[in-house]
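To find a chain, count down the sequence lines: A is the first, B the second, and so on, and within it residues start at 1. Treat the numbers as computed from the prediction; the structure is a model and nothing was measured. Only heavy atoms go into these numbers, but all of them, side chains included; no hydrogens, no water, no symmetry mates.
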Amino acid sequence: MNLTVNGKSATIEAQGNVSVLQLLDLLNVSQKEYVTVELNGDILDRESFAASPVQDGDTVEFLYFMGGGAL
Amino acid sequence: MGNLGQSLKLDTLLVHGGSAPGPSGATKPPIVQASAFAYDTAEELEDIFRGRAVGQVYTRIGNPTLESLEKRLTVVEDGISTILTASGMAAITTAVMAIVRAGDEILSSSSLFGGTYSLFKDTLGNFGVKTRFVDPTDLDALAAGISAATRLIFVESIGNPKMDVPDLAAIAAIAKQHGIPLLVDATVSTPYLARAKYLGADVVIHSTSKYINGTANSIGGAIVDCGTFNWQSEKFPHFEPYFKKYRNFAFSARVRKLIHKDLGACAAPFNAFLNGEGLETLALRMERHCANALKLATFLKGHEKVGWVNYPGLPDSPYFAVANRQFNGRFGGLLTFGLKDRASAFRVINALKLAKNLANIGDTKTLVIHPASTICADYTAEVKALMGVSEELVRVSTGIEDAEDIIADFAAALDQL
């Protein structure tokens, strides 16, 4: 499955459907407890990570509030 | 080794919760005494500034040593995020300024640490934020104090130095009914007496300088976001961009990316390290603080030269029932007692040998102070009365020495009267 993750192309090796929650593990996303996920331009509620499927061609952004100064 | 979850008891979480191994398996976090953090490429730093990647930029905004204690406090308080600050006052200032704007109102307990009263009344008052001060144990007065402009309720879990104990769950219900957050300064109760989140706090404030540090060797503060308040509200349009991007982290994001960044009251890495050291032994120390305070309060209560004793752990305290319920039979290390007048209070303080006369609480050492002439000296008689401060009052922060020695010290000092 090919995705655009934080502006870069990424290929995921996965069988069957992949949820956003699973994607966090597959991509070894750091500090999962603090990450906000934007899927195809929509910010997801944390509660919906497990129920949100990721599909080929999707654009995913991982966002953190802890770092720099820009909003 | 996996992450430790919330199934563990508090005493265990204080030691292990949120901790990650340091370099070479070190059981302590490294003290990263650096101002700034370098990256190989402009793209990496851009990603961090845009929030696309995790990383440190500048210690005013974040630092690995601070982050270590922030994660531990988040686990201990069962919150979603913590921001360390330079002091407890910096924590209150930062948290409150993230929420209120000119024209807004704060509904605050009238039973406050003097610095907090001054912040609300004078400093924020000068920027167009009005504070209504209400007795936090009078729920009707609290509810009546809320106006259309009120944006938060602020209380101390145990009032310092009034020693009153508000019913936090009842106050939280009032806050919830009006769609505003409850901020609780839990410095005196600490997580050992109760996790304030479980009593309804949306934001928990600590002066980590006190019981968390425990040995009075460094100043610090903490803001814990419990993640319980919905900031997507017409009362909080200034949270909209933060909610839109960070959802339930909206408060933490507004604090970290705007107010804390701009105020600049950041914790020092070495202070954060020392406060983290104290956190590990908080339960053990608090157990002794509580036991010694009850013994000292009971002794003072029975002393012929003591007019009154205010300690929520005394069964005849008007706050005993609420405190007993919400703090599970623990009442903290702080108490006040009254003598005949200021002169007799001074004579007792001057005659104490073990207890130190100074402006602090939460040390291993027993501490005393005469608030009316020191930390509350700037306030009018009316404000002092509001805070429960009278001329004959002595405040005691009971230490962890042997209770017999503490009592003997006070007995000998009272003999001087």
If you measure from CG on A:L63 to NZ on B:K245, what distance do you get to the nearest 0.5 Å? 5.5 Å
For residues 25-34 of chain A against chain B, heavy atoms under 4.5 Å, the residues are A:S30, A:Q31, A:E33, A:Y34
Residue by residue, which of residues 40-52 of chain A have a heavy atom closer than 4.5 Å to a heavy atom belonging to chain B? A:I43, A:L44, A:D45, A:R46
Is atom CG of A:N17 surrounded by more than 12 heavy atoms (other residues, nucleotides or ligands) closer than 6.0 Å? no
Report which part of B:I83 has an atom under 4.5 Å of a heavy atom belonging to chain A: side chain, backbone, both, or neither. neither
pair B:R52-A:F62: side-chain heavy atoms closer than 4.5 Å: no
Return the option, out of B:E67, B:K244, B:K71, B:Q56, with the maximum number of heavy-atom pairs under 4.5 Å with chain A. B:K71
Which heavy atom of B:A53 sits nearest a heavy atom of A:Y64, and at what distance? C-CD1, 3.7 Å
On a heavy-atom basis, which atom in A:V35 and which in B:F249 lie closest, and how many Å separate them? O-CE1, 4.4 Å
Which bit of B:D262 comes within less than 4.5 Å of chain A, counting heavy atoms only: side chain, backbone, both or neither? neither
More than 12 heavy atoms of other residues, nucleotides or ligands under 6.0 Å from NZ of B:K176: yes or no? no
For B:M89, does the CE atom have more than 12 heavy-atom neighbours from other residues, nucleotides or ligands under 6.0 Å away? yes
Take atom CD1 in B:I219; do more than 12 heavy atoms of anything else shown fall under 6.0 Å from it? no
